[in-house]
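These numbers come from the heavy atoms of this one structure, side chains and all, not from hydrogens, waters or symmetry mates. Here the structure is a predicted model, which means the values were calculated and not measured. In what follows, chains carry the letters A, B, and so on, assigned in the order in which the sequence lines appear, proteins first and then strands, with residues in each chain numbered from 1.
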Amino acid sequence: MAQVRVTVDGVEYADDVEPRMLLVYYLRERLGKTGTVVGCDTSNCGACTVHLNGRSVKSCSVLAVQADGGEVLTIEGLARDGELHPVQKAFNECHALQCGYCTPGMIMAAVDLLGDNPDPDEQEVREGIEGNLCRCTGYQNIVRAVQSAAKAMQPGAERPAEAPAPVAGGN
Amino acid sequence: MIPAKFDYVRPSTVEEAVSALQQGGEDAKVLAGGQSLLPVLRLRLAAPSLVVDLGGLAELRQIGEDGDMIAIGAMAAHHDVMRNELVQRHVALLGQATETVADRQVRHRGTLGGALAHADPAGDLGPVALALDAEFVIAGSGGSRTVPASEFFVDYFTTAIGENEILTQVRFPKYTGWGSHYEKFNRTAQAWSMVAVAAALKIDGGTISEARVGLANMSSTPVRATGVEQALVGQAATADAVRAAAEHATEGTDAPSDADAAADYREHLARVLTGRAVLAAAG
Ligand SMILES: Cc1cc2nc3c(=O)[nH]c(=O)nc-3n(C[C@H](O)[C@H](O)[C@H](O)COP(=O)(O)OP(=O)(O)OC[C@H]3O[C@@H](n4cnc5c(N)ncnc54)[C@H](O)[C@@H]3O)c2cc1C
Ligand code: FES
Ligand code: FES
């Protein structure tokens, strides 16, 4: 057993864990933070994306012990005072999900991208979220949502001026 | 899936890490960013008894100037390498290739040293290190030794790093003012290279005076395309001259055939991509 001390969504935890425990299972099974999901065995899908010390990571590819002393933000810690994060709102408004399985990881990846590049063009969004796979939407509305959130998050913006027209179905 | 059980240490000096590896014996494994090792452990393709985590060695994350070399700590994350100003100014090709590795999440964790130590022949950073004559600083119980890139890559997933040794630093000569380009061919997002070409050129008065070209996934190790380099020197960077030089791209290669591509297709790609990479490097 090894000790981890980690802050998750603003709350400090200290736990004994097996060194082989992956961060995603620590979040889900120890802390009950099941908002973060596992979608693959190969580190490809990105469904498990969280932020570790301010950077997006695939939490299935990080050991819990590697997060020792660190700060983790999951999809469950994104809303503030009951208000959804602008990226969460944009995913809702732009119909950027169907089954929703990829959504927690997509949103965490998008928040990370916008922190780095507050006004990405379409190509930059597509490349920025290339670590996240969606089997439902065809990505169109996800890209729209990220760009719409970028607008809403510009300094001075109150709400997304105009959410781009959502497209239903898989194109 | 979940990895098999292992013991875990996180040393705080290189010496401690080397002695932990020694005590751990044959079954001990170094953990850097974990972006190759943890997927392997999850699939249970490996089951080390001891994992030695280099994550506590802050000094191995440094990137700095050392005389006429750029010295990059083995634990520098891909993301930090490609954003580093010294890298962008003096070793631009390394930054360009690093941007194509995997995806943002993987680049946040994966390290330069880990990628080179892993030595996947499809890896993007091996051909850059080889073409640019990087030096590898390797620490063991008897201190440090330096290995040139030409001797570092030995075979599939095999390097000059010994069993109880740790790669601590990778040093690049400066290529300030050179043109460079990394041309990667793959078919899906976050995929490895089917073939890729790393090219850097020094151009004086319209003529190529020096050239460096490295290939990914054309053999069991990265390959230095010396035939192309020699054919380029002294030429003007015209499409015809570059295309003629690129015909030499398959010399000394031993392209694999696999589910992604047959060997002869890889050879075709090597020639075409070499032409593209060199022309783009020429600007
Ligand atoms: C989805 C995905 C896509 C990827 N796509 C690409 C790609 O397109 N191109 C590419 O080049 N790479 C790709 N990678 C691999 C990525 O570059 C990894 O970061 C890299 O291969 C390993 O670096 P790491 O720091 O994570 O090393 P780890 O996974 O921690 O270690 C890898 C191996 O190197 C050994 N090792 C690590 N550091 C040292 C050291 N300092 N001294 C001695 N031994 C050491 C370890 O023991 C282990 O055997 C991809 C990975 C993933 C998960
Ligand atoms: S679960 Fe698929 S990348 Fe982590
Ligand atoms: S909405 Fe179903 S996987 Fe993306």
Side-chain angles (χ1 to χ4, degrees), chain A residues 1-4 17-26 29 38 40-70 105 108-117 124-134 139, chain B residues 1-10 12 29 31-58 61 75 77-80 82-83 99-111 114 184 186-192:
Chain A
M1 288 287 171
Q3 250 237 338
V4 278
V17 298
E18 275 192 281
R20 63 171 168 168
M21 180 174 251
L22 301 169
L23 178 59
V24 69
Y25 292 116
Y26 176 69
E29 293 174 5
V38 176
C40 76
D41 264 333
T42 53
S43 306
N44 287 107
C45 77
C48 61
T49 300
V50 302
H51 296 186
L52 174 57
N53 300 325
R55 290 177 167 191
S56 61
V57 302
K58 294 177 174 177
S59 62
C60 71
S61 303
V62 178
L63 298 172
V65 285
Q66 288 179 288
D68 185 35
M108 296 311 288
V111 171
D112 175 72
L113 171 68
L114 294 178
D116 206 22
N117 179 354
E124 288 169 336
V125 174
R126 288 184 183 276
E127 281 172 16
I129 58 170
E130 73 174 311
N132 295 71
L133 305 180
C134 175
Y139 302 98
Chain B
M1 278 174 58
I2 291 171
K5 282 192 184 183
F6 51 76
D7 291 326
Y8 171 87
V9 289
R10 187 167 53 215
S12 46
K29 261 288 187 197
L31 174 66
Q35 300 305 290
S36 292
L37 185 58
L38 292 179
V40 163
L41 297 187
R42 287 174 77 196
L43 297 172
R44 302 221 175 178
L45 299 173
S49 54
L50 174 70
V51 167
V52 179
D53 182 358
L54 304 187
L57 305 178
R61 295 189 197 280
M75 289 295 290
H78 297 316
H79 183 86
D80 295 321
M82 67 192 229
R83 296 291 172 90
E99 281 179 23
T100 75
V101 169
D103 52 58
R104 285 178 68 84
Q105 292 96 316
V106 172
R107 290 193 298 267
H108 282 152
R109 297 291 299 171
T111 65
K184 172 167 176 166
N186 60 9
R187 295 190 46 198
T188 54
Q190 54 166 301
W192 293 74

Checklist entry - In terms of heavy-atom proximity below 4.5 Å to chain A, should Leu41(B) be classed as side chain, backbone, both, or neither? => result neither
Checklist entry - Taking atom NE2 of His79(B) and atom CG of Asp116(A), what is their separation to the nearest 0.5 Å? => result 5.0 Å
Checklist entry - Do Gln105(B) side-chain atoms and Ser56(A) backbone N/O form a donor-acceptor pair below 3.5 Å? => result no
Next on the checklist: Looking at chain B, which one of Asp112(A), Asn132(A), Leu63(A) has the largest number of heavy-atom pairs inside 4.5 Å, strictly under?
Outcome noted: Asp112(A)
Next on the checklist: Taking every non-hydrogen pair under 4.5 Å, which of Val40(B), Asp80(B), Asp53(B) racks up the most with chain A?
Outcome noted: Asp80(B)
Item to check | Min side-chain heavy-atom separation Ile2(B)-Glu18(A) under 4.5 Å | outcome: no
Checklist outcome for this item: When rounded to the nearest 0.5 Å, the distance separating CG of Leu43(B) from OG of Ser43(A) is 8.0 Å
Checklist entry - Step by step, would you call Leu38(B) with Gln66(A) a side-chain contact (heavy atoms from CB on, under 4.5 Å)? => result CA-CA 12 Å; Leu38(B) 292 179; Gln66(A) 288 179 288; 3.6 Å; yes
Checklist outcome for this item: One option among Val38(A), Leu52(A), Val57(A) has the most heavy-atom pairs under 4.5 Å with chain B, and it is Val57(A)
Checklist entry - When rounded to the nearest 0.5 angstrom, what distance separates CZ in Arg109(B) from NZ in Lys58(A)? => result 13.0 Å
Item to check | Heavy-atom donor-acceptor pair, Arg10(B) side chain to Val65(A) backbone, under 3.5 Å | outcome: yes
Next on the checklist: If I measure from the heavy atoms of chain B, does Ser61(A) come under 4.5 Å with its side chain, its backbone, both, or neither?
Outcome noted: both
Checklist entry - So which heavy atom on Arg55(A) is nearest to which on Ala77(B), and how close? => result NH1-CB, 4.3 Å
Next on the checklist: Could you report the tightest heavy-atom contact between Asn44(A) and Gln190(B), atom names first, then the distance?
Outcome noted: O-NE2, 2.8 Å
Next on the checklist: Which atoms of Cys40(A) are under 4.5 Å from chain B, going by heavy atoms: the side chain, the backbone, both sets, or neither?
Outcome noted: backbone
Checklist entry - Rounded to the nearest 0.5 Å, how far apart are CZ of Arg104(B) and CD of Glu130(A)? => result 10.0 Å
Checklist entry - Top residue by heavy-atom pair count (under 4.5 Å) with chain B, among Ile129(A), Val62(A), Leu133(A), Thr42(A)? => result Val62(A)
